[in-house]
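Report on the structure given below.
Everything numeric in this text was worked out from a predicted model, so none of it was measured. Order of listing sets the numbers, starting from 1, for every ligand and every atom in it. Positions are given from 1 along the sequence.
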Amino acid sequence: MKLIGNVLIVCAVLAGMVASAFAADGNYLPDLSAGTVRPASPDAALKKDAVCTRCHDESEAMPILSIYQTEHGVRGDGRTPTCQSCHGESEKHLHGDPNVKGRAKPDVIFNKHTFPMSEATERAGVCLTCHKGSARSHWEGSQHQANGLACNDCHKVHQPVDKARDKKTQRDVCFTCHKEQRADTHKASTHPLDTSKMACSDCHNPHGSTGPKLMKKNSVNETCWSCHAEKRGPFLWEHQPVSEDCTNCHTPHGSNIKPLLKNRPPMLCDDCHDGPHNSQAPYGAGMAGNQGTTVTNPLTNANNASSSAAGRACMNCHVMVHGSNSPAGALLHR
Ligand code: HEC
Ligand code: HEC
Ligand code: HEC
Ligand code: HEC
Ligand code: HEC
Ligand code: HEC
Ligand code: HEC
Ligand code: HEC
Ligand code: HEC
Ligand code: HEC
């Protein structure tokens with residue numbers, strides 16, 4: 001570690017790194033576009049940081065000073081954290097502890113290197129002093145909080161680009177822990193997660209939610225309807241499992257049965273419909289397994305070769321599987 005004892009040198013180093021952006025009146029112009037390096041105007045926060053940056057500088061293995069290229073480095077913003085807002089005052093780390101041989105640890109440590117890592121509640125606690133509420137109202141008791149995650153398990157605050165908040169890279173952050181979902185997104189039918197058009201956070205709020213499975217909305221269906229509005233209805237004739245939960249038939253992350261189906265029809269339907277129509281009606285018998293027989297569609301009086309219908313099976317007649325608005329659509333066939 002290179003020791004720089006003078007705040008002016010730190011400023012000079014930073015000034016060399018940055019492309020200055022001052023308005024005509026000399027005020028800092030906040031430019032929040034990714035990768036923009038912010039000018040380090042020697043304001044209060046930076047002066048305060050000097051108690052730490054005289055030792056922790058750009059020579060560290062992990063880029064410490066690149067925090068000034070992030071939202072946490074907006075020097076004109078009075079709410080901007082100093083090193084000590086997150087790592088604690090760390091008096092003993094700075095001035096020594098007679099009871100500790102060598103350098104005492106700072107108050108809050110986010111990763112295990114030289115010193116042991118702080119508890120998750122403590123690590124998340126410092127972030128929440130400023131970021132409580134809104135999207136994080138349900139952090140307490142959320143599946144991630146309850147399983148010992150802290151904010152920095154997903155967010156890297158010392159890096160110019162936070163992978164968790166970039167749609168192109170977010171999934172990689174999640175996949176470090178969620179391998180099953182990674183496998184799912186490689187199946188034949190998926191949401192466009194692999195192409196960066198969608199991110200996990202389009203459906204989930206990783207900070208906690210009032211819905212099941214960290215759903216962004218209050219329920220699975222509310223979440224699905226936010227994009228697939230046409231499936232919301234209201235329908236004259238609802239199909240009960242659709243109104244209940246889309247995942248009765250669909251799997252959200254990926255399936256080898258298109259489109260995102262849990263099972264192949266007619267088996268998909270047979271899970272719930274094994275009644276007289278399926279087992280006894282002539283067309284039902286054809287659909288339910290005897291794929292070689294020809295069945296007459298009593299709805300249209302047309303002859304269907306059931307083998308060619310096998311792929312869509314029940315939906316060849318019951319086309320309106322999500323619900324029907326036709327006055328005569330009680331059987332979801334129109
Ligand atoms: C006099 C030099 C000095 C000052 C001033 C200083 N540190 Fe340190 N700090 C160290 C040393 C030495 C280590 C041990 C690990 C290393 O070599 O990087 C360390 C470790 C750390 C670690 C843990 C990293 C790890 O490897 O485990 C953090 C976090 C940290 N310091 C934060 C701060 C903060 C915040 C301040 C200001 C309040 C500060 N330090 C001030 C010298 C200093
Ligand atoms: C917004 C909160 C925040 C601020 C402000 C902050 N840090 Fe950190 N610091 C973290 C987190 C979180 C980590 C863990 C690595 C990461 O997530 O980027 C960390 C890691 C470190 C480390 C250890 C490296 C490691 O791998 O764990 C040092 C040393 C450090 N910070 C020093 C500083 C210094 C010096 C400043 C002031 C210039 C500072 N930090 C400002 C949150 C903060
Ligand atoms: C002293 C207050 C303070 C602390 C402590 C703090 N932040 Fe921030 N944070 C801010 C401010 C101010 C901004 C920039 C303004 C904004 O976007 O709301 C910001 C921005 C962010 C953003 C980007 C927000 C966006 O909308 O793009 C993330 C992510 C973030 N902080 C995460 C963290 C994490 C993780 C920690 C703990 C390691 C932390 N913050 C600690 C004040 C703080
Ligand atoms: C499991 C991963 C994960 C954890 C843990 C996590 N975040 Fe996030 N965070 C994300 C993702 C993903 C986004 C982007 C969400 C989006 O684009 O809608 C985000 C966005 C943010 C933002 C900017 C947008 C907003 O909601 O205001 C802030 C600030 C933030 N997180 C703070 C925190 C804090 C503070 C904690 C700890 C209490 C935390 N995060 C814990 C994944 C996480
Ligand atoms: C289209 C919406 C949607 C998207 C996008 C999405 N999920 Fe999900 N996720 C769900 C639904 C709905 C459930 C609950 C039903 C289920 O488990 O099949 C769920 C469940 C989960 C579960 C819990 C699984 C279990 O067995 O309990 C994890 C973990 C998960 N998702 C992670 C992710 C990750 C990681 C991503 C990004 C790669 C992601 N999800 C993207 C909708 C989505
Ligand atoms: C550091 C590891 C880690 C990371 C990173 C992570 N998670 Fe998780 N996640 C967990 C753990 C642990 C659980 C709880 C046990 C479980 O259900 O697997 C969990 C649970 C979940 C659940 C299921 C909640 C339930 O009710 O069962 C969802 C959904 C989820 N995570 C989504 C995400 C998303 C989206 C991301 C990325 C933004 C993400 N996770 C990043 C560790 C992680
Ligand atoms: C953020 C928007 C969004 C949300 C939320 C969403 N979807 Fe999608 N969905 C899409 C997009 C985009 C496509 C791809 C459309 C295309 O390729 O033409 C898609 C495609 C689909 C498909 C067809 C897949 C195929 O192979 O053709 C199904 C089925 C589906 N979504 C079900 C769901 C379910 C169930 C939910 C709730 C768990 C959900 N979606 C939530 C955006 C979303
Ligand atoms: C009873 C089973 C079932 C339920 C429940 C269900 N679907 Fe479907 N869904 C299907 C079938 C079967 C297909 C394929 C239709 C076809 O090939 O004609 C499909 C196709 C889709 C498609 C792609 C084709 C299209 O019509 O746009 C989307 C998107 C979709 N479903 C969304 C949803 C949403 C959102 C929900 C919850 C509101 C839902 N589904 C509930 C069975 C179901
Ligand atoms: C999760 C269980 C479930 C699945 C899977 C399911 N259904 Fe249904 N379906 C129901 C329920 C419950 C009703 C309402 C029955 C009632 O009102 O008596 C219903 C009603 C119907 C009706 C209207 C006839 C009536 O008696 O009201 C048709 C037609 C139908 N389903 C066809 C299908 C087809 C085709 C599939 C496969 C794509 C399918 N269903 C998958 C549960 C299911
Ligand atoms: C060739 C067209 C056709 C096919 C294929 C078909 N159905 Fe039907 N279905 C009908 C007609 C017509 C009726 C109304 C006559 C009746 O009640 O027998 C009906 C009635 C129903 C009903 C409501 C009455 C009852 O018997 O419960 C359900 C549920 C149903 N079908 C489910 C299915 C399922 C599941 C499949 C696939 C295994 C399927 N249907 C395949 C034409 C078809």
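Nearest-residue assignment for atom 3 (C) of ligand 10 (options Ala330, Cys314, Cys317; heavy-atom criterion): Cys317. Around atom 25 (C) of ligand 2, the closest heavy atom drawn from His113, Met117, Arg54 belongs to His113. Looking at Thr80, Asp49, Thr82, it is Thr82 that brings a heavy atom closest to atom 5 (C) of ligand 2.
By the 6.0 Å contact criterion, CD on Glu222 is enclosed, its count of non-hydrogen atoms from other residues, nucleotides or ligands being greater than 12. Lys262 NZ: more than 12 foreign heavy atoms inside a 6.0 Å radius. Summarising the local packing, CD of Glu230 is surrounded by more than 12 heavy atoms from other residues, nucleotides or ligands at distances under 6.0 Å. Atom NZ of Lys179 has more than 12 heavy atoms from other residues, nucleotides or ligands within 6.0 Å.
At a 4.0 Å heavy-atom cut-off, ligand 10 touches Asp270 through the side chain alone. At a heavy-atom distance under 4.0 Å, only side-chain atoms of His318, from C-beta outward, approach ligand 10. At a heavy-atom cutoff of 4.0 Å, ligand 2 is contacted by no atom of Phe115, backbone or side chain. Of all the heavy atoms of Leu332, the ones lying under 4.0 Å from any atom of ligand 9 belong exclusively to the side chain.
Within the structure, the closest approach of His72 to ligand 2 falls below 4.0 Å when heavy atoms are considered. Residue Arg123 places no heavy atom under 4.0 Å from ligand 2.
In this structure the side chain of Lys92 never reaches within 4.5 angstrom of the side chain of Val100, judged on heavy atoms.
No donor-acceptor contact under 3.5 angstrom links the side chains of Thr223 and Ser226, judged on distance only.
Rounded to 10°, the angle formed at atom 8 (Fe) of ligand 9 by His239 NE2 and His273 NE2 is 170°.
Closest to atom 36 (C) of ligand 9 among all protein heavy atoms lies Cys269 SG, 2.9 Å. When only non-hydrogen protein atoms are considered, atom 15 (C) of ligand 2 lies nearest to Asn111 ND2, 3.4 Å.
For atom 8 (Fe) of ligand 2, protein N/O/S neighbours under 2.8 Å (waters excluded) are His87 NE2, His158 NE2.
Taking the six-membered ring for Trp and thresholds of 30 and 60 degrees, His93 and Phe115 have ring planes more than 60 degrees apart, a perpendicular arrangement.
With Gln170 contributing its side chain and Ala164 its backbone, the two residues share a donor-acceptor pair below 3.5 Å.
Centroid-to-centroid, the aromatic rings of Phe110 and His87 come within less than 6.0 Å.
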